[in-house]
Amino acid sequence: MKKIICLFILFIAAIGVNAQVTSLTINGDTPWVIAEADYENMPIQKAIRDVEKDWYKVFGYPPVIFHDKPASHWTGPVIVFGTTENTKHLIDAKVPKGKEQFHVFLGALKNNPAVVAVGADTRGAIYGLYTFSEEILGIDPMYIFTDHVPKKQTEIIVTSQDEIISKKPTFENRGWFINDEELHDGMHRDPLGGNVISMEWMDKILETLLRCKGNMIIPESAPYPDATVYDLCKRRAVVVTHHHVTPVGLNMMDWPKNVPFSFITHKDILIDAWTKAVIAQKDQEIAWVIGFRGESDGAFWNSDPEAPKTDEGRAKVIAEAMQMQTDIIKKYQPHATIVAALWNEQGALYNKGLLKIPDGVSKMFADDGRGFMRDDGGKNVAKGDGLYYHVMMQMLTQNRTTEAVPPARFYSELRRYVEKGATKYAIINVSGIRPAAMSVEAITDFLWDAESALNKTPSNAMKDYLIDWYAKEFGTALAIKLADLRLHYYNIPYMRDKMPIEGQYRGARGEHLLQFLTQGLLKRFGDGIAKVESLDKIIEETKGGRRTVDVSVVKEVLTETATFFPKLWNSTMALAKEIPENRKDYYQSHFMYQVAVHMRSAKALQIIVDACDAYAENKDPLDFAKALSLALEETELIINEAHKAEYGIWDTMYMHVRLMDFWKTRLMLKADIAKIKGEPYTAESRGYMGGSFWGSAQEYMNHAEGTFPYFYKHSGKGLTVLENKKQKK
């Protein structure tokens with residue numbers, strides 16, 4: 001009996017405070033320990049609830065949770081979550097000092113061996129929770145967008161090798177811009193119209209952002225400063241920042257009709273609007289974006305007839321407006337992070353040395369939508385600056401439903417920002433997220449910790465990342481093959497950094513380019529050929545038209561595609577046979593559809609180009625219509641591949657694609673064939689808004705009940721000029 005007691009005492013000593021625990025087995029009944037104070041912290045509570053679901057998915061049981069400390073009758077292992085402040089009575093977690101830091105390790109409480117995941121502050125605790133979930137439970141941070149179901153387990157062995165000590169994040173403010181939100185709102189539109197995207201789906205986006213260790217978001221393209229979504233961001237401890245269209249949160253996509261817009265003749269109106277926008281957000285955690293552009297995402301001189309005509313004069317107006325915005329912000333948030341958006345014309349004026357940025361304000365340089373930074377080679381990039389970067393882009397030539405920006409490109413382009421300490425702010429345009437899930441996660445990982453990528457060449461860093469990512473998503477046995485297939489895909493001729501023939505389009509383009517060119521050719525030649533006009537006459541009559549598409553330019557874009565795509569498609573089809581049954585659907589979305597939309601679009605476009613050449617020789621419209629029928633078949637095959645990728649929660653996803661609109665291409669082909677044959681047809685575009693990509697956001701703005709700049713009535717009165725106009729009536 002004495003021997004047993006002595007052994008028990010030795011056991012207790014072995015697991016006592018500061019004891020070295022090297023291995024621990026946990027199962028579905030291993031209890032958690034959470035402090036009441038941490039659970040009452042809403043952002044931490046929401047992360048805890050997410051990890052409870054993760055636990056249930058893996059073990060099949062909801063967790064047992066002890067409040068503040070383990071129950072006295074339990075001497076087995078526990079899991080400790082929370083902040084250093086609220087767990088210090090249990091254990092010294094030795095969390096690195098600094099914002100957002102955390103430590104995941106094996107330790108021991110007084111009577112219990114423990115897995116500990118503790119953070120220095122609220123976001124540190126959140127990252128600790130999600131890191132435990134990823135590294136111990138095997139939860140994919142992007143699971144919502146990759147359909148990744150975790151492996152069911154009865155127990156998990158945690159060892160000292162699983163310890164994770166966080167480092168200071170590479171970028172201080174790291175976030176996503178949910179821009180051109182067609183793929184979100186189409187399936188997840190806010191049913192009450194108070195936001196574009198439903199709050200349930202936005203909560204999933206914020207969860208994913210935090211799992212990837214982002215901390216900042218532009219939640220929609222043009223929210224009002226009193227948008228409900230900002231309250232959700234606060235509950236998730238996610239910093240709100242702004243689109244360059246919404247400086248200080250003012251929705252410039254919805255400037256009131258009949259209200260003067262001018263910082264020259266009606267400065268007081270803009271100052272009043274900026275002030276009201278700042279007041280509406282002053283209780284939020286904001287990374288403020290300043291700048292001065294015009295209505296609807298254009299240069300201010302396009303909206304103001306009194307604007308200066310010279311670059312020097314225009315830069316002076318922008319600088320004065322930025323200074324005024326800065327002064328307003330500092331009145332309400334004296335220590336705020338403020339960033340000057342150098343998008344488009346503002347960046348060009350700054351790079352010319354004409355635009356002065358207010359003191360204490362970070363500069364935010366932007367890429368060109370293709371992943372190449374417009375920062376004059378980094379000449380003006382300085383410590384404390386930041387950036388805006390696209391992995392998806394609303395543009396006539398970029399990617400909307402596919403991956404298109406290889407990680408090697410942003411590893412190369414963003415290296416100078418890290419080296420110069422220009423790491424205050426990084427906002428990434430992720431748009432629909434789902435089609436580019438891999439590159440979204442890759443660049444977010446880079447913003448959190450760039451060291452591993454920058455210790456290698458960009459191409460080697462990309463290859464290693466792809467192997468790791470595909471091992472996670474499809475299993476280690478296929479990781480190298482899948483990485484090689486993606487590298488083959490990135491070598492699509494017009495997607496390369498430089499096209500084989502650099503003409504109007506130099507390179508690094510997405511699938512939207514092919515749809516845009518197809519629609520351009522049909523728009524230019526369809527009606528004329530139906531009237532049996534000569535090709536030369538059609539070209540002459542349409543010369544100089546807006547977005548005119550030339551056959552010669554299309555031929556440049558299609559260089560090498562006829563020989564390239566069959567090899568890529570055959571490789572994609574062959575590997576499909578090796579994909580595990582439970583990942584075939586995601587393979588369809590991530591590989592099969594993405595290759596098909598490029599290949600079929602290129603083939604359809606080539607058919608139309610050849611038909612134009614043939615028509616120039618034989619002037620036979622029926623022969624042209626026959627060719628269009630073949631192009632229509634290719635377009636239907638794109639749609640067929642898209643439908644195969646519309647499963648589960650992604651049901652109807654591609655129905656809502658408006659920016660890369662193969663639906664419009666299909667209807668235009670059908671219309672031109674019908675015109676030539678003298679048959680009836682329905683229309684050349686689809687939907688109530690005619691396929692307009694901005695329809696959803698415009699519908700949201702039409703729901704506004706408040707007085708500008710507010711969405712809601714209860715937010716207060718709007719612009720004095722509007723109130724005066726109403727009174728005069």
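The structure presented is a predicted model; accordingly, all values stated were derived computationally and were not measured. We count residues from 1, following the sequence as given. We use all heavy atoms of the structure for the numbers below, so side chains are in, but hydrogens, waters and symmetry mates are not.
Checked against the 6.0 Å centroid criterion, the rings of His590 and Trp469 qualify as a close aromatic pair.
The aromatic rings of His73 and Phe66 sit perpendicular to each other, their planes meeting at more than 60°, with 30° as the lower class boundary. Using a 30° and 60° split on the angle between ring planes, Phe105 and His103 fall in the parallel class, below 30°.
For Ala341 against His244, the heavy-atom pair with the smallest separation is CB-CB, 4.0 Å. Closest non-hydrogen pair, Ser221 versus Asp180, comes out as OG-N, 3.0 Å. Across every non-hydrogen atom of Met392 and Ile433, the tightest pair is SD-N, 3.9 Å. Shortest non-hydrogen contact noted between Trp32 and Pro63 is CE2-CB, 3.5 Å. Taking each heavy atom of Lys282 and Tyr332 in turn, the nearest pair found is CD-CD2, 3.9 Å. Smallest separation of non-hydrogen atoms from Thr122 and Thr83: N-CG2, 4.5 Å.
Take Lys463 and apply the salt bridge (charged side-chain N to carboxylate O under 4.0 Å, His left out) test, not counting sequence neighbours, and it matches Asp484. Residues that satisfy the salt bridge (charged side-chain N to carboxylate O under 4.0 Å, His left out) test with Asp147, not counting sequence neighbours, are Arg434. Under the salt bridge (charged side-chain N to carboxylate O under 4.0 Å, His left out) criterion, Lys46 pairs with Asp203, not counting sequence neighbours. Considering only residues two or more places apart in sequence or on other chains, Arg416 meets the salt bridge (charged side-chain N to carboxylate O under 4.0 Å, His left out) condition with Asp375, Glu413.
Remark: Ile480 CD1 is loosely packed, at most 12 non-hydrogen atoms of other residues, nucleotides or ligands lying under 6.0 Å away. Annotation: Lys69, atom NZ; neighbour count of heavy atoms from other residues, nucleotides and ligands within 6.0 Å does not exceed 12. Heavy-atom neighbours of Lys456 NZ from other residues, nucleotides or ligands within 6.0 Å: above the threshold of 12.
The pair Arg486-Glu403 fails the salt-bridge criterion, with no side-chain N (NZ, NE, NH1 or NH2) lying under 4.0 Å from an Asp/Glu carboxylate O.
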Query raised in the report: Where do Ile178 and Val430 land on the side chain to side chain contact (heavy atoms under 4.5 Å, CB included) test, with the steps shown first?
Result: CA-CA 6 Å; Ile178 312 301; Val430 299; 3.7 Å; yes
Item to check | Full working for ring pair (Phe, Tyr, Trp, His ring centres under 6.0 Å) between Trp448 and Tyr127 | outcome: CA-CA 11 Å; Trp448 171 255; Tyr127 294 154; 5.4 Å; yes
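For residues 204-218, the set of pairs meeting the side chain to side chain donor-acceptor pair (under 3.5 Å) definition, not counting sequence neighbours, comprises Asp54-Arg211, Glu100-Asn215, Thr131-Lys213, Tyr143-Glu207, Glu207-Arg211. Within the structure, the ring-ring contact (aromatic ring centres under 6.0 Å, His included) test picks out the following pairs touching residues 401-434 (sequence neighbours left out): Tyr411-Phe446.
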